[in-house]
Amino acid sequence: MTSDLQRWVQEAQATGTLAGLPDRHFIDGAAVASVDGATMATLDPGTGGAFAHFAAGQAADVDAAVLAANRALKGPWRDMAPAQRGRVLHRVAELIRANAARLAVVETLDSGKRLVEALGDVAGAANCFDYYAGACDKHQGDSLPLGPDYLAYTLNEPVGVTAHIIPWNYPLSTAARGLAPALAAGCTVVAKPAEQTPLTALMLAELCLQAGVPAGVCNVVTGTGRDAGAALVRHPGVHHITFTGSVNTGIDVMRSAAPNITRLVLELGGKSPLLVLADADLSQAADNVMGAIFENAGQICSAGSRLLVARAVHEQLVAQVTARAAALRLSLGHGLRDPGMGPLNSEAHLHKVAGYVDRARARGVAVRTGGNIRPDPQTGLGWFYEPTVLDDLSPNDEAVQEEIFGPVLCVQVFDDLEEAVALANGTPFGLVAGVFTRDLSAAHRLARDIDAGQVYINEYFAGGISVPFGGNKRSGFGREKGLEALRSYSKTKSVVARL
Ligand code: NAI
Ligand code: MG
């Protein structure tokens, strides 16, 4: 551990919080309290206790932020030479790295995630800003061949003010992957982080200002989804919405966007299958299954929450995964101690996850390991759930069809590839899929036939910021990351001149 990191961890462990956390909205380059002065608490999932307060925003606060963003749209940001905009975004990346230790400790306190995962998220956020910094002056249009009497070309114009509704499972990562391409495209933004995890988005906005992003270009309003979130997505001064969260809220957001014809990208989670064929390297597959479902305690939209395994290797693989999950249960703990697995993000979410497993057990589903709420063994506190494996589920089981969003692996068995594809596609979701096999021909056939936004072959979560990400079916539409995200935040204008 670096001395910087040690210092913040020690302060957090000694006091339960950190001094100097942001506690107000970030609007027009300044920290501002809510118009009505209301605040709310954010909790540490590792203890269940409040550790900081922040502004509970309402429509009036959202209004101020959207106005600031619209004013900034006429300011220097959009007309800045793209290479210069890129230099500013590179400075954001450097400032994220310079503040990595503090950002990671705050993310762990606020979301519950393990410190090592939080550090990974911070590093990823910095990489994201570097990636789009480098893309600013390469976001070029086309010239269109209409013959000698015409000149025709396309321009990429910023869509305008972009709203970003951010969930609690990857607060900084999701903020960065929305803000960086939007800013690179010349947009101005208003972000609304989840009420469970408001702090790192506020810190990111401050770093953007420090790096030279002009005041008003990057605004953050905190508060509940019902108040601040709903006011933001129905605001006529917003030109694009990027929403990451649940399907039901996504439906509400789409409805709110309709009257203003606001563009949107919806990233709504999934029930992603990880397929293991009989010829796969089983220990490599087991490693990947563990990461796919137990990283961030399974609270990942693209978690590999369904293991689809060939009958010939079913017992062998599930026994391996079960033994490892049972061992992981012994190292649950507060994220700052870097345990094997951290808590779930909220008490309500803990009970939602537990409910899925309790109902499965009552239906007679085999619970191979786990299946219980279990507080931090050192303190008796926090919202922890045991790593859980549900075996041999039928295709229409509730646990197979619905997103549990916790450390609960659902195993399904297949006899041939046709059945594997049917099972893989047999849910309302289509976000990602993993395929493990030594037969690359089979792998690419499966990649062709599985209805998902991305397919990982022999490494779950393979890729990074340069790979487009998003879902099909009820997992949403539109793509983030990669150069596709720049297009999400741009409007194409075609210009044709008769010479
Ligand atoms: P949610 O979809 O209600 O919350 C996500 C974000 O939307 C938060 O910032 C929230 O404040 C905001 N929000 C809520 N209602 C809104 C509205 N009417 N208008 C605008 N913004 C609004 O999700 P929640 O309740 O936190 O989690 C429920 C389930 O959603 C989870 O159990 C999980 O299955 C799924 N989920 C999926 C995520 C993903 O990465 N795709 C992330 C978080 C949750
Ligand atoms: Mg919190």
Side-chain angles (χ1 to χ4, degrees), residues 17 21 40-54 56-57 59 62 106-113 163-171 173-175 177-178 190-201 220-235 238 241-257 264-272 296-303 305 335 343-353 355-356 382-383 402-406 408 429 431-432 453 469-471 474-476 480:
T17 186
L21 291 174
M40 57 193 293
T42 187
L43 312 179
D44 170 357
T47 64
F51 75 98
H53 285 79
F54 62 98
V62 167
V106 173
E107 195 80 322
T108 288
L109 282 175
D110 216 0
S111 70
K113 66 177 63 199
H164 303 259
I165 305 283
I166 296 162
W168 42 261
N169 56 335
Y170 282 88
S173 307
T174 312
R177 86 173 181 212
V190 181
K192 207 298 284 173
E195 52 270 44
Q196 296 86 349
T197 54
L199 300 175
T200 48
V220 176
V221 177
T222 55
T224 64
R226 199 187 53 226
D227 294 330
L232 181 58
V233 297
R234 66 165 181 257
H235 202 294
V238 165
I241 300 163
T242 296
F243 172 79
T244 308
S246 63
V247 175
N248 284 338
T249 303
I251 292 168
D252 284 347
V253 168
M254 215 170 154
R255 265 200 203 101
S256 304
L264 76 167
V265 166
L266 295 177
E267 208 276 83
L268 305 179
K271 193 74 191 184
S272 298
N296 206 28
Q299 302 163 113
I300 308 183
C301 50
S302 52
S305 50
L344 297 183
N345 180 261
S346 70
E347 192 169 19
H349 188 55
L350 174 66
H351 290 293
K352 181 179 160 192
V353 170
Y356 275 108
W383 300 315
E402 295 186 21
E403 181 174 54
I404 298 175
F405 219 61
V408 180
F429 299 102
L431 188 53
V432 309
F469 180 82
R474 285 172 87 81
S475 294
E480 298 193 81

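Only heavy atoms go into these numbers, but all of them, side chains included; no hydrogens, no water, no symmetry mates. Every number for a ligand or one of its atoms is a count from 1 in the order of the listing.
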- Item | Residue list, salt bridge (charged side-chain N to carboxylate O under 4.0 Å, His left out) with Asp252, at least two apart or on another chain | Arg255

- Query: Does Lys113 make a cation-pi contact with Tyr170, if we ask for NZ or CZ under 6.0 Å from the ring centre and within 45° of the axis?
  - Reply: yes

- Item | Nearest non-hydrogen protein atom, atom 35 (C) of ligand 1 | Glu403 OE1, 3.5 Å

- Query: So which heavy atom in the protein is nearest atom 30 (O) of ligand 1, and how far is it from that ligand atom?
  - Reply: Ser246 CB, 3.0 Å

- At distances under 2.8 Å, what protein N, O or S atoms surround the Mg ion (ligand 2)? Thr42 OG1, Leu43 O, Asp110 O, Asp110 OD1, Gln196 O

- Task: For atom 13 (N) of ligand 1, grab the closest protein heavy atom and report residue, atom and distance to one decimal in Å.
- Result: Gly225 CA, 3.3 Å

- Per-atom contacts, ligand 1 versus Glu267 - under 4.0 Å to a heavy atom: 41 (N)

- Query: What is the nearest protein non-hydrogen atom to atom 32 (O) of ligand 1, stated with its residue, atom name and distance?
  - Reply: Lys352 NZ, 2.7 Å

- Would a 4.5 Å heavy-atom cut-off, applied to side chains only, mark Phe469 and Val432 as touching? yes

- Between Val190 and Val238, is any pair of side-chain heavy atoms under 4.5 Å apart? no

Sequence neighbours excluded and cut-off under 3.5 Å, please list the side-chain donor-acceptor pairs for residues 40-47, or say none.
from	atom 1	to	atom 2	distance (Å)
Thr42	OG1	Asp110	OD1	2.5
Thr42	OG1	Gln196	O	2.9
Asp44	OD1	Gly46	N	2.8
Asp44	OD1	His334	NE2	3.3
Asp44	OD2	His334	NE2	2.9
Thr47	OG1	Asp44	O	3.4
Thr47	OG1	Gly49	N	3.1

- Task: Please write down residue, atom name and distance for the protein heavy atom closest to atom 6 (C) of ligand 1.
- Result: Ile165 CG2, 3.6 Å

- Query: Which of the atoms of ligand 1 are close to His349, meaning less than 4.0 Å from one of its heavy atoms?
  - Reply: 32 (O)

- Message: Please check whether Ile404 reaches ligand 1 - meaning an N/O of the residue sits under 3.5 Å from an N/O of the ligand, judged on distance alone.
- Response: no

- Item | Part of Ile166 with heavy atoms under 4.0 Å of ligand 1, whether side chain, backbone, both or neither | backbone

- State which residues pass salt bridge (charged side-chain N to carboxylate O under 4.0 Å, His left out) with Glu267; sequence neighbours excluded, sorted by chain then number. Arg177

- Does any N/O atom on Thr244 come nearer than 3.5 Å to any N/O atom on ligand 1? no

- Message: Out of all atoms in ligand 1, which are within 4.0 Å of some heavy atom of Thr249? Include the element for each.
- Response: 1 (P), 2 (O), 3 (O), 13 (N), 14 (C), 15 (N), 16 (C), 17 (C), 22 (C)

- Message: With nothing but distance in play, are any N or O atoms of Arg226 less than 3.5 Å from an N or O of ligand 1?
- Response: no

- Item | Nearest-neighbour protein heavy atom for atom 40 (O) of ligand 1, which is reported as residue plus atom name and distance | Cys301 CB, 3.1 Å

- Measure the distances from the heavy atoms of Tyr170 to every atom of ligand 1 and state whether one is below 4.0 angstrom. no

- So among Trp383, Tyr356, Trp168, which one has a ring-ring contact (aromatic ring centres under 6.0 Å, His included) with His349? Trp168

- Min side-chain heavy-atom separation Leu21-Phe54 under 4.5 Å: no

- Note on the structure: the protein heavy atom lying closest to atom 20 (C) of ligand 1 turns out to be Gly229 C, 3.2 Å

- Query: What do you reckon, does Glu195 have a nitrogen or oxygen under 3.5 Å from a nitrogen or oxygen of ligand 1?
  - Reply: yes

- Between atom CG of Asn345 and atom CG of Asn169, what is the distance when rounded to the nearest 0.5 Å? 8.0 Å

- Task: Output yes when the distance from some N or O of ligand 1 to some N or O of Leu268 is under 3.5 Å, and no in every other case.
- Result: no

- Item | Closest approach of any protein heavy atom to atom 44 (C) of ligand 1, naming residue and atom | Phe405 CE2, 3.8 Å

- Message: Tell me whether Trp168 has any N or O atom under 3.5 angstrom from an N or O of ligand 1.
- Response: yes

- The atoms of ligand 1 lying under 4.0 Å from a heavy atom of Gly269, numbered in the order shown, are 41 (N)

- Item | Under 3.5 Å: donor-acceptor pair, side chain of Glu403, backbone of Lys271 | no

- Query: N/O of Gln196 under 3.5 Å from N/O of ligand 1, yes or no?
  - Reply: no

- Item | Residue part near ligand 1, for Gln299, under 4.0 Å between non-hydrogen atoms | neither

- Note on the structure: Judged by heavy atoms only, the candidate from Pro171, Pro167, Ala163 nearest atom 43 (C) of ligand 1 is Pro167

